[in-house]
Amino acid sequence: VLVDVGLCVCFYDFIDVGDPYVYPAEGSAHQRVKFRMVVFRPFIGEIIVGKIAACREDGIRVSLDFFDDIVIPTMHLQAPSEYVPRRKCWIWRFDEDDESGGIEFPMQAGDKIRFRVRTIDFTSLTTTAKGITATTTSEMKSNTNDDIDDTPLPGVRRRSTSIDLGKDAEVPSAMRIMGCVNEDGLGVTSWWE
């Protein structure tokens, strides 16, 4: 993962290959090259289909097979949704006011899920005199029409936070996506078929 760029998936092609240099006492040639890579970085508001990897009380983890750091927190699930620990799944109770108690739509591991990208977090680690510091830069949709940031996309704002990590602290992932499914047409794909 390149911070503020995205997940590098694979090499695409060379743009320029410089002159080779052989340094004294070395048998290898060193060359400066320019190349292009295929990079995964969804845009804010993009709709993606993934697979539910796990359901927990704090939300849903989604996998794209090549990228697993996608979370959908409880506040971004359809309302009213309820976690069932015994079944390890979330259940959306649609039309709960109905006499029959409404219809239950389960969300469980292995289901295909369609979600909208709300936030992309990039975290870089630096070593300081006090230990390790994690700096997270978040990109999210701006609530205003003012483009006061230097972000490349209009309507997107950036925020950065830094925290000192203790010796036993969990190291955050370099790139994390937060999604939502609380809109029409989003959620488990079989619901909409």
Side-chain angles (χ1 to χ4, degrees), residues 1-13 36-96 98 102-124 136-143 149 151-159 170-193:
V1 173
L2 293 177
V3 175
D4 295 333
V5 175
L7 173 69
C8 298
V9 178
C10 69
F11 169 79
Y12 184 70
D13 68 354
R36 295 189 292 181
M37 294 193 76
V38 176
V39 176
F40 171 70
R41 180 190 182 153
F43 57 86
I44 304 299
E46 183 173 353
I47 294 177
I48 300 174
V49 176
K51 187 168 55 171
I52 297 176
C55 292
R56 300 185 313 207
E57 286 188 43
D58 59 347
I60 295 174
R61 291 193 60 87
V62 178
S63 172
L64 300 177
D65 291 332
F66 64 92
F67 185 74
D68 295 330
D69 288 318
I70 302 170
V71 293
I72 302 172
T74 57
M75 65 186 163
H76 295 304
L77 296 175
Q78 288 90 346
S81 289
E82 175 185 352
Y83 181 68
V84 182
R86 179 176 41 86
R87 292 174 53 190
K88 293 184 180 178
C89 75
W90 279 89
I91 294 183
W92 172 35
R93 300 188 193 286
F94 178 72
D95 203 12
E96 199 173 42
D98 189 7
I103 304 168
E104 291 186 352
F105 293 100
M107 294 174 265
Q108 52 198 4
D111 288 345
K112 281 188 171 182
I113 188 167
R114 183 178 297 118
F115 65 95
R116 180 180 306 276
V117 175
R118 285 188 55 89
T119 307
I120 302 173
D121 297 334
F122 291 101
T123 302
S124 61
T136 301
T137 303
S138 298
E139 281 187 2
M140 62 198 76
K141 184 176 180 185
S142 177
N143 293 332
D149 286 336
T151 56
L153 300 172
V156 174
R157 69 176 183 196
R158 284 186 158 176
R159 289 198 172 167
E170 184 178 329
V171 177
S173 60
M175 179 178 164
R176 188 183 85 156
I177 296 172
M178 183 186 299
C180 71
V181 293
N182 56 357
E183 300 173 23
D184 290 340
L186 302 180
V188 176
T189 56
S190 62
W191 298 347
W192 308 103
E193 294 175 348

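For reference, positions follow the sequence shown, starting with 1.
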**Message:** Would Ile177 and Val71 count as a side-chain contact (heavy atoms from CB on, under 4.5 Å) here? Give the steps.
**Reply:** CA-CA 6 Å; Ile177 296 172; Val71 293; over 6 Å; no
**Request:** Work out which heavy atom in Gly185 is nearest to a heavy atom in Arg114; give both atom names and the distance.
**Result:** O-NH1, 3.2 Å
**Where Glu57 and Trp90 come nearest, the two heavy atoms and their spacing** = O-CZ2, 3.3 Å
Which side-chain N or O atoms in residues 116-123 pair as donor and acceptor under 3.5 Å with protein atoms at least two apart or in another chain?
unit_1: Arg116; atom_1: NE; unit_2: Glu183; atom_2: OE1; d: 3.0
unit_1: Arg116; atom_1: NE; unit_2: Glu183; atom_2: OE2; d: 3.2
unit_1: Arg116; atom_1: NH1; unit_2: Gly45; atom_2: O; d: 2.9
unit_1: Arg116; atom_1: NH2; unit_2: Glu183; atom_2: OE1; d: 3.0
unit_1: Arg118; atom_1: NE; unit_2: His76; atom_2: NE2; d: 3.3
unit_1: Asp121; atom_1: OD1; unit_2: Ser138; atom_2: OG; d: 2.6
unit_1: Asp121; atom_1: OD2; unit_2: Arg176; atom_2: NH2; d: 3.3
unit_1: Thr123; atom_1: OG1; unit_2: Thr136; atom_2: OG1; d: 3.0

**Item:** From CE (Met107) to OG (Ser190), nearest 0.5 Å
**Value:** 11.0 Å
**Message:** Checking Arg36 now: which residues fulfil side chain to side chain donor-acceptor pair (under 3.5 Å) with it, not counting sequence neighbours?
**Reply:** Asp13
**Reference residue Phe115; test side-chain contact (heavy atoms from CB on, under 4.5 Å); the match among Asn182, Leu186, Ile70** = Ile70
**Request:** Mind running side-chain contact (heavy atoms from CB on, under 4.5 Å) on Gln108 and Val188 for me, showing each step along the way?
**Result:** CA-CA 9 Å; Gln108 52 198 4; Val188 176; over 6 Å; no
**Within 6.0 angstrom of Tyr12 OH, more than 12 heavy atoms from elsewhere** = no
**Prompt:** Stepwise, does the side-chain contact (heavy atoms from CB on, under 4.5 Å) test hold for Thr189 with Val49?
**Reply:** CA-CA 8 Å; Thr189 56; Val49 176; 4.3 Å; yes
**Prompt:** Do Ile113 and Val181 come within less than 4.5 Å of each other through their side chains, counting heavy atoms only?
**Reply:** yes
**Prompt:** Under the 3.5 angstrom rule, does the side chain of Glu104 hit a backbone N or O of Trp92 as a donor-acceptor pair?
**Reply:** no
**Complete:** On a heavy-atom basis, the closest approach of Met175 and Leu7 is SD-N, 3.8 Å
**Results of side chain to side chain donor-acceptor pair (under 3.5 Å) for Asp58 - residues two or more places apart only** = Arg56
**Closest non-hydrogen atom pair between Lys88 and Tyr83, with its separation** = CA-OH, 3.7 Å
Kindly list each side-chain donor-acceptor pair under 3.5 angstrom involving residues 60-69, sequence neighbours excluded, with atom names and distances?
unit_1: Arg61; atom_1: NH2; unit_2: Asp68; atom_2: O; d: 3.2
unit_1: Arg61; atom_1: NH2; unit_2: Asp69; atom_2: OD1; d: 3.3
unit_1: Ser63; atom_1: OG; unit_2: Asp65; atom_2: N; d: 3.0
unit_1: Ser63; atom_1: OG; unit_2: Asp68; atom_2: OD1; d: 2.5

**Asked** Taking only residues two or more places apart in sequence, or in another chain, which ones meet Glu82 in a side chain to side chain donor-acceptor pair (under 3.5 Å)?
**Response** Arg93
**Message:** Looking at every heavy atom in both Cys55 and Ile52, which two are closest together, and how far apart are they?
**Reply:** SG-CG2, 3.8 Å
**Asked** Looking at side-chain heavy atoms only, is the closest gap between Thr74 and Ser81 below 4.5 Å?
**Response** no
**Complete:** Minimal heavy-atom distance between Gly110 and Lys51, with the atoms involved, is O-CG, 3.6 Å
